[in-house]
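One structure follows; several queries about it will come next.
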Protein chains: 2
Amino acid sequence: MYQTLKTLDFFTEAELQEAMEAATFHVIPKGQIHINQGEVCKDVLFIKKGLMRSFYYNSESEEVTYCFSFENAFFTAYSSWIQQKPSPENIQAITDTEVYIIKRHDVLRLQENSINWQKFFRTQAEGAYISLENRIMILQRESAEKRYEDLLERHPEYLQQIPLNYLASYLGITQRHLSRIRQNLANLKPTVI
Amino acid sequence: MYQTLKTLDFFTEAELQEAMEAATFHVIPKGQIHINQGEVCKDVLFIKKGLMRSFYYNSESEEVTYCFSFENAFFTAYSSWIQQKPSPENIQAITDTEVYIIKRHDVLRLQENSINWQKFFRTQAEGAYISLENRIMILQRESAEKRYEDLLERHPEYLQQIPLNYLASYLGITQRHLSRIRQNLANLKPTVI
DNA sequence: TTACTTATTGGACAAATGTCCTTTCTGACC
DNA sequence: GGTCAGAAAGGACATTTGTCCAATAAGTAA
C-alpha cells in the first residue's frame with residue numbers, strides 16, 4: 001500500500017506514514033462477505049493479495065456481480081461509503097484475500113485539512129466514474145457477444161481468475177448464453193496449439 | 001449559477017465572485033453540438049435554461065444517448081474533461097439552451113489552491129459515480145420493461161421533455177421496442193382521466 | 001386550411017437471449 | 001484408480017428484443 005500510494009506522487013512522507021499507521025492487516029477467507037447489503041460502509045480495503053468482488057440482487061433475486069477488484073487496488077462499497085447510506089452491494093472475497101483495512105474515521109481525519117488527500121479522493125472518484133462510463137457504453141447498445149469480446153480485450157486476466165457464472169452476470173447475461181458465445185467464438189477463431 | 005453554488009455551502013463569497021467572473025453567457029441553439037466526439041473537452045457548462053444531452057455512436061454506428069442534463073446543473077464531456085483525451089461523446093442542445101461557460105483554464109486556477117474547490121469537484125465526481133452505478137444496476141440484469149418503469153419513477157420529467165427515440169437508446173433498446181413496452185403498460189394500468 | 005415535416009405507433013417476421021435440465025469436464029481427496 | 005462436488009457446456013424450447021416497413025398522429029410554416 002505504501003508503495004502504491006507513494007507512486008501516485010500526491011503525498012508527503014508524513015502523510016504516507018499517517019496512512020500506514022491507520023491501516024490494519026487482515027485475511028478474508030474465500031467466500032466470506034466483508035460488507036453486507038444493507039450495512040453502511042465504514043471502511044475501505046486495500047487488497048495486498050487475492051481477489052474480491054461486489055454483487056447485489058436484482059428484482060428477480062438473482063445474484064448479479066457488479067465489479068471485481070484485484071491486487072494493489074483500493075476497494076469498498078463505494079456508493080455507501082460516499083453517501084453513508086445502506087449498501088446495495090455485498091463485498092466478498094473470491095479467494096483468500098490479504099487486505100489492509102482503514103476505518104472511515106481515520107480517512108476523514110486524513111482528508112480534513114489536506115489538499116493532497118482531497119485531490120487523491122477526487123481522482124479516485126474520477127477514475128471510478130470513467131470505468132463505469134466505459135461499462136455503460138458497452139452495456140447500453142452492444143450485443144452480448146461484443147461485450148464478451150470487449151472484456152477479452154480490456155481484461156484478459158478476468159478470464160483466468162474469475163468463475164464464468166460471475167462473469168456472465170457481470171456482462172449482463174446468463175451463464176447459458178455466455179457458454180453459447182464462447183462456443184461461437186471458439187469455432188470462428190480456433191486457438192493455435 | 002451563483003445561487004446554485006452558494007446553496008452548496010462550500011465556498012467563500014470571494015470564491016463565488018471569482019467563479020462568476022470566469023463565466024460567460026451563451027445561447028446554444030436547438031440541435032447544435034457544443035462538443036464533438038474526438039475533441040478534447042476544454043470547458044464546462046452550467047445550464048441556466050433549457051435541456052441538453054450527450055450521445056455517442058456504438059460499433060454499429062447507431063446514435064446512442066448517454067445522458068441528459070437539465071436546468072441548474074453543470075454539464076460537460078466529463079471523461080474527456082477528466083483525462084483530457086478525445087471525447088467519446090457529443091454534447092448537444094435538445095432545445096435552445098442558455099448556458100454559462102467556464103473555461104478549463106479558469107477552473108484549474110480556481111482549484112489550484114482551494115480545498116473548497118477540490119472538495120466541490122470531488123463531490124461532483126462522487127455524485128456522477130453514483131448515478132452511473134444506479135444505471136448499471138438497472139442495465140445489467142433488469143428487463144427493458146423494468147428499466148422503463150424505473151425511469152418513470154425516478155425521472156418522470158424525462159417523459160415530458162425528451163423525444164422517445166432518445167429515451168429508447170438511453171434505456172438500451174430500440175424505439176420499436178419502447179413503443180411496445182408503452183403499449184403493454186398502457187393496457188395494464190390505464191390512465192385515469 | 002393545406003402542405004409538409006417530424007414523432008410515434010404497430011404488423012410480420014427474424015435474431016438474440018433466457019429457462020429448464022442433463023451431460024461433460026476438472027480438480028480435490030481418499 | 002475411484003468417488004465426489006463444483007464448474008462449465010449444451011439440447012430443446014419459450015420469451016424478449018430487433019429489423020424492416022407502413023400507417024397514424026402531432027407539430028410547424030405558408
Side-chain angles (χ1 to χ4, degrees), chain A residues 29-32 51 53 55 57-65 68 92-96 138-152 158-188 190-191, chain B residues 29-32 51 53 55 57-65 68 92-96 138-152 158-188 190-191:
Chain A
K30 173 175 177 172
Q32 186 165 108
L51 175 55
R53 70 163 183 148
F55 69 95
Y57 296 94
N58 71 357
S59 65
E60 306 292 318
S61 303
E62 298 165 331
E63 198 179 292
V64 183
T65 295
F68 304 99
Q92 182 186 40
I94 293 182
T95 64
D96 291 349
I138 293 292
L139 281 170
Q140 243 182 325
R141 296 287 314 163
E142 298 293 349
S143 69
E145 185 163 319
K146 275 267 163 45
R147 301 204 290 275
Y148 177 74
E149 288 175 325
D150 178 78
L151 184 73
L152 277 183
Y158 281 29
L159 268 294
Q160 309 305 320
Q161 303 184 47
I162 299 172
L164 292 180
N165 58 336
Y166 294 170
L167 281 184
S169 68
Y170 177 79
L171 289 170
I173 57 180
T174 58
Q175 193 176 346
R176 175 67 190 87
H177 194 51
L178 176 55
S179 161
R180 197 150 33 199
I181 289 168
R182 286 161 58 83
Q183 174 63 39
N184 287 345
L185 292 182
N187 290 342
L188 289 177
T191 311
Chain B
K30 172 175 177 173
Q32 187 167 107
L51 175 55
R53 70 162 182 149
F55 69 94
Y57 296 94
N58 71 358
S59 65
E60 306 293 318
S61 303
E62 298 165 330
E63 198 178 292
V64 183
T65 296
F68 304 100
Q92 182 186 41
I94 294 181
T95 63
D96 292 349
I138 294 293
L139 281 171
Q140 242 182 326
R141 297 285 317 164
E142 298 293 349
S143 69
E145 185 163 319
K146 275 269 164 43
R147 301 203 292 273
Y148 177 74
E149 287 176 324
D150 177 79
L151 184 73
L152 278 183
Y158 281 29
L159 268 294
Q160 309 305 319
Q161 304 184 47
I162 298 172
L164 292 180
N165 58 335
Y166 295 169
L167 282 184
S169 68
Y170 176 79
L171 289 170
I173 56 179
T174 58
Q175 192 175 348
R176 175 68 190 87
H177 194 50
L178 176 55
S179 162
R180 196 151 33 199
I181 289 168
R182 286 161 58 84
Q183 174 63 38
N184 287 344
L185 292 182
N187 289 343
L188 289 177
T191 311

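Just so it is clear: chains get the letters A, B, ... in the order the sequence lines come, proteins before strands, and each one is counted from 1.
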So Y158(B) and F68(B), would you call those rings parallel, tilted or perpendicular, with 30° and 60° as cut-offs?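 Perpendicular: the ring planes of Y158(B) and F68(B) meet at over 60°.
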Evaluate side chain to side chain contact (heavy atoms under 4.5 Å, CB included) for L151(B) paired with I138(B), printing each intermediate quantity in order. CA-CA 10 Å; L151(B) 184 73; I138(B) 294 293; over 6 Å; no
For D96(A) against K30(A), the heavy-atom pair lying closest together: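 Reported closest heavy-atom pair: OD1-N, 2.6 Å.
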Answer yes or no: is there a side-chain heavy-atom contact under 4.5 Å between E63(A) and S169(A)?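 With C-beta onward as the side chain, the pair stays apart.
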Give me the first and last nucleotide of DNA chain C, going 5' to 3', that has any atom under 4.0 Å from a heavy atom of chain A.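 Range of nucleotides within reach of chain A: dT17(C) to dC20(C).
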Counting any heavy atom closer than 4.0 Å, what does Q183(A) reach on the DNA or RNA strands: base, sugar-phosphate only, or nothing?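 Sugar-phosphate, backbone atoms only, no base.
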Working note: I173(A) + I181(A), criterion side chain to side chain contact (heavy atoms under 4.5 Å, CB included); need CA distance, chi angles, decisive distance, verdict. CA-CA 10 Å; I173(A) 57 180; I181(A) 289 168; 3.9 Å; yes
Kindly indicate, with the supporting measurements, whether the criterion side chain to side chain contact (heavy atoms under 4.5 Å, CB included) is fulfilled by R147(B) and L139(B). CA-CA 7 Å; R147(B) 301 203 292 273; L139(B) 281 171; 3.9 Å; yes
About how many Å separate NZ of K146(A) and CD of E60(B), when rounded to the nearest 0.5 Å?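 Reported to 0.5 Å precision, the distance equals 5.0 Å.
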Roughly, in whole Å, what's the span from CG in N165(A) to P in dA8(D)?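 Roughly 6 Å, once rounded to whole Å.
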Once base and sugar-phosphate atoms are separated, protein heavy atoms under 4.0 Å mark nucleotides 15-30 of chain D, 5' to 3', with B, S and - as --BBBB----------
What do the steps show when you test S179(B) against R182(B) for side chain to side chain contact (heavy atoms under 4.5 Å, CB included), and what is the final call? CA-CA 5 Å; S179(B) 162; R182(B) 286 161 58 84; 5.7 Å; no
